[in-house]
Amino acid sequence: MDDETGLKNCVTGLKQIMSLAEQKGVVLQLELFNSKIDHPDYMADKSAWGIELCKQVGSENLKLLYD
């Protein structure tokens, strides 16, 4: 799946649960994986992609995790 399609799918899915997360005070964290290691079917391997996801979801309760 290309990045754009994956982004649209993630936005659609996350928007379905974000209002409940916000209501309950839950913060969802999306871990960005290193793109130099193969993680099949994982979309969030670039900061720009994760940032765009957060922008499109539009919730303070969705954060990016860097470890």
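The figures that follow rest on heavy atoms only: side chains count, while hydrogens, waters and symmetry mates do not.
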Practice problem: Decide whether L7 and L65 are clustered together by the hydrophobic rule: side chain heavy atoms of Ile, Leu, Val, Met, Phe, Trp, Tyr closer than 4.5 Å, transitively. | Solution: no
Quiz prompt | Path from I17 to V26 over hydrophobic side-chain contacts below 4.5 Å | solution = yes
Please report, to 0.1 Å, the donor-acceptor pairs under 3.5 Å made by any side chain of residues 51-60, with sequence neighbours excluded.
| from | atom 1 | to | atom 2 | distance (Å) |
| --- | --- | --- | --- | --- |
| E52 | OE2 | Q56 | NE2 | 2.9 |
| S59 | OG | E22 | OE2 | 2.5 |
| S59 | OG | N61 | N | 3.0 |

Quiz item: Residues in side-chain hydrogen bond (donor to acceptor under 3.5 Å, both in side chains) with S19, at least two apart?
Solution: none
Practice problem: Not counting sequence neighbours, which residues clear salt bridge (Lys or Arg N to Asp or Glu O under 4.0 Å) with K8? List them please. | Solution: E4
Practice problem: Determine the minimum heavy-atom distance between L30 and A44, stating which atoms define it. | Solution: CD2-CB, 3.9 Å
Exercise. Can you measure from CG (L14) to CG (L62) and round to the nearest 0.5 angstrom?
Key: 6.0 Å
Exercise. Decide side chain to side chain contact (heavy atoms under 4.5 Å, CB included) for E31 and L64; before the verdict, give the C-alpha distance in whole Å, the side-chain angles of both, and the deciding distance to 0.1 Å.
Key: CA-CA 6 Å; E31 183 175 7; L64 298 178; over 6 Å; no
Quiz item: Would you say W49's side chain and D3's backbone share a donor-acceptor pair under 3.5 angstrom?
Solution: yes
Exercise. Consider only side-chain N and O atoms of T5 and D2, and report whether a donor and an acceptor are under 3.5 Å apart.
Key: yes
Quiz item: M1 and M43: which non-hydrogen atoms are nearest, and at how many Å?
Solution: O-CE, 4.1 Å
